[in-house]
Amino acid sequence: MDTVGFIGLGVMGQPMALNLARAGTPLVVWNRTASRCDPVLAAGAQLTGGPGEVFERADVVFLMLADEQAVDAVLGRGTRDFTTRVRGRILVQMGTFAAQYSRDLADEVMATGGSYVEAPVSGSRGPAEAGRLIAMLAGSDAAIERVRPLLAPLCAEVVTCGEVPSALVMKFAVNLFLITMVTGLAEAFHFAEEHGVDPGLLEQILDAGPMASLVSRTKADKLVRDDFEVQAAIVDVLKNNRLIAAAARSRGTASPLLDACHALYAETLALGYANADMAGVIYALRTRTRSVSVTRFDENPPADGGPSDASKGSRR
């Protein structure tokens with residue numbers, strides 16, 4: 001079995017690495033905050049002294065890092081270390097970054113004699129802990145076939161999407177639906193609370209009907225309890241929103257719902273809820289409601305879909 005390296009044991013990376021270790025995968029790990037490695041080490045993984053040692057000891061290296069700068073740093077990109085680290089190895093990039101960045105990195109890795117698999121996942125901390133993520137893969141057939149069995153302890157399903165960066169583009173499409181769905185759910189609960197409707201009954205009705213899903217159940221529970229312990233943080237959702245919006249702009253693709261969500265998540269971040277769960281977008285909705293300066297509402301919404309008098313008074 002390949003020795004696997006795992007770099008980046010954050011909210012998602014730690015449970016993913018833990019599932020690999022529990023499955024008996026020969027695993028070496030490194031994280032900037034070393035204490036994040038402790039549960040994984042207890043499950044059988046080995047700690048390394050830095051990214052360079054991970055690449056020395058591993059045949060396949062998984063990266064689950066926060067941003068492009070962190071990826072460049074652990075790879076030694078732009079230095080002689082880059083070739084030493086990636087040559088002869090398979091780099092599995094699981095973070096969510098700009099598609100062009102991934103394409104450029106794939107070209108550099110392959111030019112130095114390494115292999116590159118783009119492998120973003122759908123799912124938050126809960127599915128990561130349960131090993132129920134959905135992985136989207138892009139890269140060469142040979143590299144994907146070596147990586148696919150390694151993902152079994154992490155994923156309920158693995159889908160091959162084509163060449164790099166098709167997996168990231170697919171992840172953007174998935175996240176667009178997720179973001180707009182959770183924002184709509186939060187707005188429904190805000191509407192209910194503003195009209196004195198029992199949010200617990202709303203949760204019960206949604207859970208019993210055709211719109212129910214694992215996501216709606218998880219987020220509805222958070223909204224009922226007003227408990228926004230993080231699974232997918234506001235700051236990360238906003239980052240994803242921006243990436244998707246940039247991809248849409250690059251093709252001239254209309255994205256009006258995404259644009260509305262972008263404003264709401266940015267407002268939630270500005271209110272100080274960066275590390276709240278994404279269902280915490282309800283804070284921005286509550287703030288907008290409190291800031292309405294026009295108290296006279298039209299009896300009927302505008303027929304042309306334009307702003308009503310009330311919405312003109314809302315903060316944008």
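Because the structure is a prediction, the values reported are computed rather than measured.
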Please round to the nearest 0.5 Å and tell me the distance separating atom [atom1] of [X] and atom [atom2] of [Y].
{"X": "Tyr265", "Y": "Met278", "atom1": "OH", "atom2": "CE", "result": "3.5 Å"}
{"X": "Asn241", "Y": "Leu258", "atom1": "CG", "atom2": "CG", "result": "4.0 Å"}
{"X": "Leu151", "Y": "Asn19", "atom1": "CG", "atom2": "CG", "result": "11.5 Å"}
{"X": "Gln93", "Y": "Glu68", "atom1": "CD", "atom2": "CD", "result": "9.0 Å"}
{"X": "Thr253", "Y": "Phe172", "atom1": "OG1", "atom2": "CZ", "result": "12.5 Å"}
{"X": "Met181", "Y": "Leu176", "atom1": "CE", "atom2": "CG", "result": "11.5 Å"}

- Item | From CA spacing to verdict: side-chain contact (heavy atoms from CB on, under 4.5 Å), Leu264, Arg288 | CA-CA 9 Å; Leu264 286 165; Arg288 284 196 183 192; 3.6 Å; yes
Grab the two heavy atoms, one from [X] and one from [Y], that are nearest each other, plus how far apart they are.
{"X": "Arg249", "Y": "Ser255", "result": "NH1-OG, 3.1 Å"}
{"X": "Val230", "Y": "Ala276", "result": "CG2-O, 4.2 Å"}
{"X": "Val281", "Y": "Thr268", "result": "CA-OG1, 3.6 Å"}
{"X": "Cys161", "Y": "Met136", "result": "SG-CB, 3.8 Å"}
{"X": "Thr218", "Y": "Gln231", "result": "CG2-OE1, 3.1 Å"}
{"X": "Ala156", "Y": "Ile134", "result": "CB-CD1, 4.2 Å"}

Whether [X] side chain and [Y] backbone form a donor-acceptor pair below 3.5 Å:
{"X": "Ser250", "Y": "Ala247", "result": "yes"}
{"X": "Asn175", "Y": "Asn240", "result": "no"}
{"X": "His190", "Y": "Ala186", "result": "no"}
{"X": "Arg87", "Y": "Thr112", "result": "yes"}
{"X": "Asp226", "Y": "Lys222", "result": "no"}
{"X": "Thr48", "Y": "Val29", "result": "yes"}
{"X": "Arg36", "Y": "Leu9", "result": "yes"}
{"X": "Asp2", "Y": "Val4", "result": "no"}
{"X": "Thr25", "Y": "Leu27", "result": "no"}
{"X": "Thr3", "Y": "Ala58", "result": "no"}

- Side-chain donor-acceptor pair under 3.5 Å between Arg148 and Thr160, yes or no?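 Side-chain D/A pair, Arg148 to Thr160: present.
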- Using the test ring pair (Phe, Tyr, Trp, His ring centres under 6.0 Å), find all partners of Phe177 that sit at least two apart in sequence or belong to another chain.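 Expected list: none.
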- Residue set satisfying salt bridge (charged side-chain N to carboxylate O under 4.0 Å, His left out) with Arg103, at least two apart, ordered chain then number -> none
- Set of salt bridge (charged side-chain N to carboxylate O under 4.0 Å, His left out) partners for Arg217, sequence neighbours left out: Asp207
In terms of heavy-atom contacts, does [atom1] of [X] have more than 12 from other residues, nucleotides or ligands at under 6.0 Å?
{"X": "Arg77", "atom1": "CZ", "value": "yes"}
{"X": "Arg225", "atom1": "CZ", "value": "yes"}
{"X": "Asp81", "atom1": "CG", "value": "yes"}

- Query: Charged N to carboxylate O under 4.0 angstrom, Glu56 versus Arg85?
  - Reply: no
- Message: Whether Lys239 and Asp67 form a salt bridge (side-chain N of Lys/Arg under 4.0 Å from carboxylate O of Asp/Glu) is what I want to check.
- Response: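 No, no charged N to carboxylate O under 4.0 Å.
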Given side chains that start at C-beta, do those of [X] and [Y] come closer than 4.5 Å, heavy atoms only?
{"X": "Leu206", "Y": "Leu202", "value": "yes"}
{"X": "Leu238", "Y": "His262", "value": "yes"}
{"X": "Val147", "Y": "Val158", "value": "no"}

Between [X] and [Y], is there a shared hydrophobic cluster once you connect ILVMFWY residues whose side-chain heavy atoms come closer than 4.5 Å?
{"X": "Met12", "Y": "Val237", "result": "no"}
{"X": "Met110", "Y": "Val60", "result": "no"}
{"X": "Met170", "Y": "Val215", "result": "no"}
{"X": "Phe62", "Y": "Leu168", "result": "no"}
{"X": "Val40", "Y": "Met94", "result": "yes"}

- Query: Can you list every pair that meets salt bridge (Lys or Arg N to Asp or Glu O under 4.0 Å) and has a residue in residues 177-197, with sequence neighbours left out?
  - Reply: Glu193-Arg286
- Query: Which pairs pass salt bridge (Lys or Arg N to Asp or Glu O under 4.0 Å) with one or both residues in residues 156-183, sequence neighbours excluded?
  - Reply: none
- When the ring planes of Tyr283 and Tyr273 are compared, do they come out parallel, tilted or perpendicular, using 30° and 60° as the limits? parallel
- Give the other cluster members for Phe55, using side-chain heavy-atom distances under 4.5 Å between Ile, Leu, Val, Met, Phe, Trp and Tyr residues; answer none if it is isolated.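 Ile7, Val28, Trp30, Val54, Val61, Leu63, Leu65, Val71, Val74, Leu75, Phe82, Val86, Leu91, Phe97, Tyr101, Leu105, Val109, Tyr116, Val164, all in the cluster of Phe55.
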- Can Ser115 and Arg146 be said to form a side chain to side chain donor-acceptor pair (under 3.5 Å), step by step? CA-CA 11 Å; Ser115 298; Arg146 280 188 66 185; over 6 Å; no
